[in-house]
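Everything below concerns the one structure shown next.
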Amino acid sequence: MAVKNFKQPELVDEVIGLDEKRRQTQNLLDTVSSQANAAARQIGELMRTGKKDEAEAIKANTGKWKEESKQLGEQLAALEAELQDKLVLLPNLPHSSVPKGITPEENEVVLENGSIPELPANALPHWELAAKYNLIDFELGVKITGAGFPVYKNKGAKLQRALINFFIDEAEKAGYSEVSVPLMVNAASGFGTGQLPDKEGQMYYVGVDDLYLIPTAEVPITNLYRDVILKADELPVKNCGHTPCFRREAGSYGAHVRGLNRLHQFDKVEIVQVVHPDKSYEVLEGMSAHVQSLLQKLGLRYRVLRLCGGDMSFGSALTYDMETWSAAQQRWLEVSSVSNFETFQSNRLKLRFRNAEGKTQLAHTLNGSALALPRIVATLLENNQTDKGIKIPEALVPYTKFEWID
RNA sequence: GGAGAGGUGUCUGAGUGGUCGAAAGAGCACGCCUGGAAAGUGUGUAUACGCCAAAAGUGUAUCGAGGGUUCGAAUCCCUCCCUCUCCGCCA
């Protein structure tokens with residue numbers, strides 16, 4: 001947890017102490033309940049055989065037990081609630097390969113791939129290209145909703161659909177079966193995947209109906225398996241799905257979030273797996289490879305980062321970020337994040353499987369973006385700009401049905 | 001949103017105050033039977049937490065959720081959630 005830069009080590013001792021107390025209390029309560037149950041059975045027996053007097057005699061004792069068990073029950077509930085409250089504040093333990101560090105600069109570059117695009121001398125950033133070719137209207141989005149909600153038009157809109165379909169098809173080829181899920185979830189789902197309570201302020205919340213707009217398809221898709229006990233042969237579960245994602249991104253403004261770099265609403269294809277604990281790191285590499293294959297097919301220069309403890313999300317044990325090189329902005333843009341949550345989510349979800357001994361055991365959950373659209377669009381536009389217009393990558397042409405944006 | 005009906009184990013479905021963690025059937029698992037299978041037949045078949053080094057065992061809780069009545073609740077009462085039928089609205 002020190003690797004993860006966790007600030008409250010004393011919380012761990014508190015949790016251990018609370019659990020100790022919880023067990024003691026349950027023990028007491030069980031004993032009292034046991035006595036009361038025995039007495040109730042005895043009374044039943046006596047009543048049936050007509051020995052009313054004896055029954056009445058035993059009844060006299062029950063008041064005491066009732067009082068005691070009520071008190072103990074309340075204590076136990078309070079302890080469990082307190083324990084739970086503290087427990088959900090503990091982040092996941094990082095995998096041993098996670099580098100120490102606090103800032104994104106301390107992330108480890110695992111590999112870089114692809115060629116550096118050669119741009120014409122007058123190369124433009126994507127927000128200017130979007131205006132030049134009439135692909136995206138940011139101002140119109142501001143009018144009808146607000147900043148960070150762009151309106152895609154013409155070939156810009158078609159490019160969205162093309163990318164979504166391309167990503168879904170690729171995911172299905174890789175064995176993921178598609179699901180189409182609700183865009184709003186209840187609080188229980190938010191807790192299940194760890195967005196609550198950690199990221200409460202980052203989600204849009206619909207108060208009248210007590211629902212949250214999903215920040216990622218990870219939430220509804222993974223929660224499909226909440227309170228589920230899978231058979232061993234049902235693993236691995238592989239799902240993919242496209243959804244819009246909604247993020248408040250409270251407090252982030254400025255030049256580095258211009259254009260498509262950071263949005264309140266964007267489209268994403270997500271891949272999710274539920275796997276046997278022995279397989280999860282192997283699967284994580286596989287998911288990383290899948291995401292990389294997409295970037296390769298789109299002809300984008302990218303790099304893979306192993307996130308350092310401080311930059312990793314609350315629930316993750318190991319995260320790879322994929323970034324594409326934006327030639328016109330001269331910077332790397334994060335387009336995917338694939339993580340192994342080990343049992344962090346499954347513990348909250350009560351997502352288990354029956355192991356070889358026939359016992360229930362927590363499964364491991366993983367997910368990753370494959371891929372998020374806006375920054376892919378940004379780098380595609382920027383890196384593929386020519387004097388004649390913007391060239392669509394070959395792999396995408398069957399989906400766009402056009403080769404050039406001009 | 002209005003009126004009514006209902007929520008029981010993997011499923012169907014009994015169960016209106018004690019002997020009910022819950023009949024029966026199906027499914028599933030294992031065994032017998034068989035050349036092999038089907039049929040037949042026998043046994044088993046929830047989850048969580050606690051005690052125990054662990055297995056075995058055992059205690060407690062759970063019949064949509066929470067609370068109440070009672071010595072004792074699947075069963076009675078209250079609140080909430082959900083499902084179904086009819087009406088309303090509607091892509």
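Letters A, B, ... mirror the listed sequences (proteins, then strands); counts begin at 1.
With rounding to whole Å, A/I58 atom CD1 is found 18 Å from B/G18 atom P. The CE-P distance, from A/M47 to B/U19, rounds to 14 Å in whole Å. Rounded to whole Å, atom C1' of B/G72 lies 7 Å from atom CD1 of A/I43. One can place CZ of A/F353 at 19 Å from P of B/A46, the figure rounded to the nearest angstrom. If you take CG of A/L349 and C1' of B/U47, they are 17 Å apart, rounded to a whole angstrom. Atom CD in A/E20 sits about 12 Å away from atom C1' in B/G50, given to the nearest Å. The distance from atom CD of A/E56 to atom P of B/G72 is 13 Å, rounded to the nearest whole Å. The interatomic distance linking A/D227 (CG) with B/U10 (C1') rounds to 16 Å, in whole Å.
Checking A/Y302 against A/E323 by side-chain atom types alone, no donor-acceptor pair falls below 3.5 Å. A donor atom on one side chain and an acceptor atom on the other are found under 3.5 Å apart for A/N223 and A/R226.
Comparing the P positions of B/A55 and B/C80 gives a spacing of 44 Å, expressed to the nearest Å. Comparing B/C63 with B/U75, their C1' atoms sit 10 Å apart, to the nearest whole Å. The gap from the C1' atom of B/A3 to that of B/C20 amounts to 35 Å, rounded to the nearest Å. Taking atom P in both B/U58 and B/G21, the straight-line distance is 15 Å, to the nearest Å. Atom C1' of B/G9 sits at a distance of 13 Å from the matching atom of B/A26, rounded to the whole Å. Comparing B/A14 with B/U70, their C1' atoms sit 25 Å apart, to the nearest whole Å. Rounded to a whole angstrom, the distance from the C1' atom of B/A91 to that of B/A23 is 48 Å. With C1' as the reference atom, B/G67 and B/A73 are 14 Å apart, rounded to whole Å.
Note on A/R23: every side-chain N or O is 4.0 Å or more away from OP1 and OP2 of B/A48.
Only A/K66, listed by number, bring a heavy atom of residues 65-90 of chain A to less than 4.0 angstrom from any atom of RNA chain B. At a non-hydrogen distance threshold of 4.0 Å, A/D30, A/S33, A/S34, A/N37 from residues 30-38 of chain A come into contact with RNA chain B.
Residue A/L29 is classed as having no contact, given no heavy-atom separation below 4.0 Å to the nucleic acid. Residue A/R22 is classed as a sugar-phosphate contact, given heavy-atom separations below 4.0 Å to backbone atoms only. Among the heavy atoms of the strands, none lies under 4.0 Å from A/K64.
Residue A/R352 places its side chain closer to B/A48 than to any other of B/G72, B/G50, B/A48. Of the candidate nucleotides B/U47, B/G50, B/A55, B/G50 has the atom lying nearest to any side-chain atom of A/N27. With B/A46, B/A48, B/A55 as the candidates, the nucleotide lying closest to the side chain of A/T360 is B/A48.
Centroid-to-centroid, the aromatic rings of A/F167 and A/H242 stay 6.0 Å apart or farther. Taking the six-membered ring for Trp and the full ring otherwise, A/Y281 and A/H364 have centroids separated by 6.0 Å or more. Proximity of the aromatic rings of A/F266 and A/F246 is defined here by a centroid distance below 6.0 angstrom, and this criterion is not met.
Look at A/D19 and A/R23 and you find a salt bridge, because one of the NZ, NE, NH1 or NH2 atoms lies within 4.0 Å of a carboxylate O, short of that distance. In this structure, A/E67 does not pair ionically with A/K64, as no charged nitrogen and carboxylate oxygen lie closer than 4.0 Å.
Relative orientation of the A/Y204 and A/F149 rings is tilted, given thresholds of 30° and 60° on the angle between their planes.
For B/A46, the paired base is B/U62 (Watson-Crick or G-U wobble, both distances below 3.5 Å). B/A24 and B/U12 make up a base pair, with Watson-Crick or G-U wobble contacts both under 3.5 Å. Checking B/U83 for Watson-Crick or G-U wobble geometry (two distances, each under 3.5 Å) identifies B/A5 as its partner. Across all strands shown, B/A91 has no partner, as no Watson-Crick or G-U wobble contact with both distances under 3.5 Å is found. For B/G31, the paired base is B/U41 (Watson-Crick or G-U wobble, both distances below 3.5 Å). B/C76 and B/G68 make up a base pair, with Watson-Crick or G-U wobble contacts both under 3.5 Å.
By the salt bridge (charged side-chain N to carboxylate O under 4.0 Å, His left out) test, A/K350 pairs with no residue at all, sequence neighbours left out.
Each of A/G44 and A/Q26 was matched to the nucleotide of RNA chain B holding its nearest heavy atom; the match closer to the 5' end belongs to A/G44.
Summarising the local packing, CD of A/E234 is surrounded by more than 12 heavy atoms from other residues, nucleotides or ligands at distances under 6.0 Å.
Exactly one residue among A/E80, A/E14, A/E10 makes a salt bridge (Lys or Arg N to Asp or Glu O under 4.0 Å) with A/K86. That residue is A/E14.
Here the CG-CG distance, from A/L230 to A/L351, works out to 6.0 Å after rounding to the nearest 0.5 Å.
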